[in-house]
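Letters go in sequence order (proteins before strands), and every chain restarts at 1.
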Amino acid sequence: MGAKFYTIGELARLSGQSVRRIRYYSDKGLLPSDRSAGNYRIYSETDAARLDLIRALREAGVGLAAIGKLIGRRLSLAEVLQARLAILETEIAARRRMAAVLRATLRLPNPADADLRRFWTMANRSNKDMHALVERFVERIAEGAAMDEEWRRRMIETSVPDLPDDPTPDQIAAWTELADMLEDEDFARDLKTEMAAFWTGAFDPAAYRDAALRTYEAAQAAIANGIPPQAAEAQAIAAAWLDDSARAMGREPDRAFLDWQFAQYEKQSGRMGRYRQLLAILRGENDSAEPDRVWAWLNDALRALPVPLK
DNA sequence: CTTCTTACA
DNA sequence: TGTAAGAA
């Protein structure tokens, strides 16, 4: 009794879709098409509901083929939606990246086509490519040095940047600058000399890492407590670092070693410091200057050590 | 007046 | 997908 039936025109009016389209769906088997005596297609209320479902799926971007499979129960709704969602999210990420590229370009004082090209190229360089870039870089600077595998692996791990799916313009710029640094011959050469100085036969990586970690934490705590680098407590931390690092490198904690430390610090706070900063930007760390502050404090404490040393 | 099919843009 | 044309 309550069963209501519609001609194609009626269904078109109440669904707000064209007669043509409904006919097309019927012919494709997406909608049942019972015929009346006069060969008119007739539709039920459940057919109207199905038509609404099809519209919703279509507007979600699901293709007619997938809808067909869903209706033929060869796919579940969850499967269809999951597949569509995966594609959608990929597209969204791609668009976000592109928007970030445009913003990064527009952020420049006077953007040129070369800038856009450059940002675009870099943003499209996959994380895998970047990983390869870092590996080649580490290979190059480790060449000749007796660096152990564990250390090398860790070095690569901590040096590989990761471009987020939804990067800010700053992150695009950081990503681009990092790639440049990795391809910079001078930078590589400097680091290589530095590595060679470290990796002598006497170097004990585990002890060095240990000392560095301990010192970093001690310095960080001291800074938090407002202790100045000249204070006795700071001097103790600095002296301990000098002893421990010298021992880990098979050297004496003398004046020469101290000077070498200063030189090391100058280099570290240069391009290496910039590298760390860029990595921090990519990780979205707001406090990217923290490590720099800690090492600067330690360097000041070292400078305040009584001269001459023993 | 409506729908059907087929063909075309 | 829209539109046209001739038939039912």
Item to complete: Take the angle between the ring planes of W199(A) and F203(A) and call it parallel below 30°, perpendicular above 60°, tilted in between.
Response: perpendicular
Item to complete: Give a yes/no on whether any side-chain N or O of T7(A) is located under 4.0 angstrom from OP1 or OP2 of dT2(B).
Response: no
Worksheet entry | Listed once per pair and sorted, the ring-ring contact (aromatic ring centres under 6.0 Å, His included) pairs that draw on residues 91-137 of chain A, sequence neighbours left out | F137(A)-F187(A)
Worksheet item: How many Å lie between CG on D27(A) and P on dT5(B), as a whole number?
Response: 7 Å
Practice prompt. Could you tell me which residues satisfy salt bridge (charged side-chain N to carboxylate O under 4.0 Å, His left out) with D34(A), sequence neighbours excluded, listed by chain and number?
Written response: none
Practice prompt. Give a yes or no on this: more than 12 heavy atoms of other residues, nucleotides or ligands lie within 6.0 Å of atom CD of E233(A).
Written response: no
Item to complete: Determine: side-chain N/O of R58(A) to OP1/OP2 of dT1(C), distance under 4.0 Å, yes or no.
Response: yes
Discussion item. Within a 6.0 Å radius of atom CZ on R73(A), are there more than 12 heavy atoms belonging to other residues, nucleotides or ligands?
Written reply: no
Response to the item:
Taken to the nearest whole Å, CG/L11(A) to P/dT3(B) is 10 Å
Item to complete: Write down the distance between CZ (R21(A)) and P (dG2(C)), rounded to a whole number of angstrom.
Response: 6 Å
Response to the item:
In B/S/- notation (B base, S sugar-phosphate only, - none; protein heavy atoms under 4.0 Å), nucleotides 3-8 of chain C written 5' to 3' is B-----
Response to the item:
Y24(A) atom OH is separated from dG2(C) atom P, nearest whole Å, by 12 Å
Discussion item. Can you confirm whether R96(A) is buried at CZ, in the sense that more than 12 heavy atoms of other residues, nucleotides or ligands lie under 6.0 Å from that atom?
Written reply: no
Worksheet, complete the sentence: From CZ of R35(A) across to P of dT2(B) the rounded distance in Å is 19 Å
Practice prompt. Could you check how far CD1 of I22(A) sits from P of dT3(B), rounded to whole Å?
Written response: 10 Å
Worksheet item: For S18(A) and dT1(C), is the shortest distance between a side-chain N/O and OP1 or OP2 below 4.0 Å?
Response: no
Practice prompt. Please check the phosphate of dT3(B) (OP1 and OP2 only) for any side-chain N or O of R41(A) closer than 4.0 Å.
Written response: no
Practice prompt. Please report, rounded to the nearest Å, how far the P atom of dG2(C) is from the CD1 atom of I8(A).
Written response: 12 Å
Worksheet item: Roughly how many Å is it from OH in Y43(A) to C1' in dC4(B), rounded to a whole number?
Response: 11 Å
Worksheet item: Does D186(A) CG have over 12 foreign heavy atoms under 6.0 Å away?
Response: yes
